[in-house]
Amino acid sequence: MLEEAQHTFWGYLGCELVEWNEHRAIVTLDVKEHHLNFIGILHGGVHTSLLDTAMGLAAMTARPDSDVVTSGLNMHFTAPAGKGKVTAVAEIVHMSARTITTQATLKNENNILCSMATASFRVIDKK
């Protein structure tokens, strides 16, 4: 799966999977200049992409025989991040038959909370 992911948005961003187990995922990114916005901090879209990706991976573990798609996402930006490694940690907080609710945090190398999110994922039949 990770080899296939290298040809998708995951690979374009430069994400690395650190941990992926039942109901939890940890994803890191080595923030480079092209990840920054015009004022030199991590672009909000990169924050959002990392957290959505980590939460999606967590949701996938809960429903391995189905596909999951993001149906709602709520972001909170709490501190700027610059170049260096950031870590997204995502966990499942609630599940029903067709919906999975997750939460995630993004921290920098100094363990400072840079952003956090919650998301809902719709469980759909596999393609």
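Note that the structure is predicted; figures quoted are calculated from it, not measured.
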Worksheet item: Which pair of non-hydrogen atoms, one from His47 and one from Ala79, has the smallest distance, and what is that distance?
Response: CE1-O, 4.3 Å
Discussion item. Ignoring hydrogens, what is the shortest heavy-atom contact between Trp20 and Ala58? Give both atom names and the distance.
Written reply: NE1-N, 4.3 Å
Worksheet entry | Minimum side-chain heavy-atom gap Phe121-Thr99 below 4.5 Å | no
Discussion item. Run the side-chain contact (heavy atoms from CB on, under 4.5 Å) test on Cys114 and Leu42 for me, step by step, so that the C-alpha distance in whole Å, both residues' side-chain angles and the decisive distance to 0.1 Å come before the verdict.
Written reply: CA-CA 9 Å; Cys114 298; Leu42 186 62; over 6 Å; no
Fill in: Side-chain donor/acceptor of Asn37 to backbone N/O of Ile39, under 3.5 Å
yes
Item to complete: Find out whether Lys85 and Leu29 are in side-chain contact, i.e. whether some heavy atom of one side chain is under 4.5 Å from a heavy atom of the other.
Response: no
Please output the side-chain donor-acceptor pairs of residues 86-94 that fall under 3.5 Å, not counting sequence neighbours, one pair per line with the distance.
none

Discussion item. Any salt bridge linking Asp67 with Arg98? Criterion: basic side-chain nitrogen under 4.0 Å from a carboxylate oxygen.
Written reply: no
Worksheet item: Quick one: does His34's side chain get under 4.5 Å of Leu36's, heavy atoms only?
Response: no
Fill in: Step-by-step side-chain contact (heavy atoms from CB on, under 4.5 Å) determination, Ile124 to Ser66
CA-CA 6 Å; Ile124 59 175; Ser66 300; over 6 Å; no
Worksheet entry | Backbone N/O of Ser120 and side chain of Ser71: donor-acceptor pair under 3.5 Å | yes
Discussion item. Less than 4.0 angstrom from a charged side-chain N to a carboxylate O is my criterion; do Lys32 and Asp30 meet it?
Written reply: yes
Fill in: Contact summary for Ala59 and Ile100, nearest pair of heavy atoms
O-CD1, 3.6 Å
Discussion item. With heavy-atom distances below 4.5 Å as the criterion, would you say the side chains of His35 and His43 are in contact?
Written reply: no
Worksheet item: Transitively linked via ILVMFWY side-chain contacts under 4.5 Å: Leu73 with Met116?
Response: no
Worksheet item: Does a side-chain heavy-atom distance below 4.5 Å link Leu50 with Val46?
Response: yes
Discussion item. Would a single hydrophobic cluster contain both Ile41 and Val31, if residues Ile, Leu, Val, Met, Phe, Trp and Tyr are joined by side-chain heavy-atom contacts under 4.5 Å?
Written reply: no
Discussion item. Go through it in stages, so that I can follow the logic: the residues are Ser115 and Met75, the test is side-chain contact (heavy atoms from CB on, under 4.5 Å), and I'd like the CA-CA distance, side-chain angles, deciding distance and then a yes or no.
Written reply: CA-CA 7 Å; Ser115 58; Met75 283 295 303; 4.0 Å; yes
Discussion item. Has Thr102 got a side-chain atom pairing as donor or acceptor with Met55's backbone, closer than 3.5 angstrom?
Written reply: no
Worksheet item: For the residue pair Val27 and Cys15, what are the closest heavy atoms and their distance?
Response: CG1-CB, 3.9 Å
Discussion item. Tell me the closest heavy-atom pair linking Leu113 and Thr78, and the distance in Å.
Written reply: O-OG1, 2.7 Å
Discussion item. In this structure, would Ile26 and Leu17 fall into the same cluster of hydrophobic residues linked by side-chain contacts under 4.5 Å?
Written reply: no
Worksheet item: Any chance CD of Glu16 has more than 12 other-residue heavy atoms, nucleotides or ligands included, within less than 6.0 Å?
Response: no
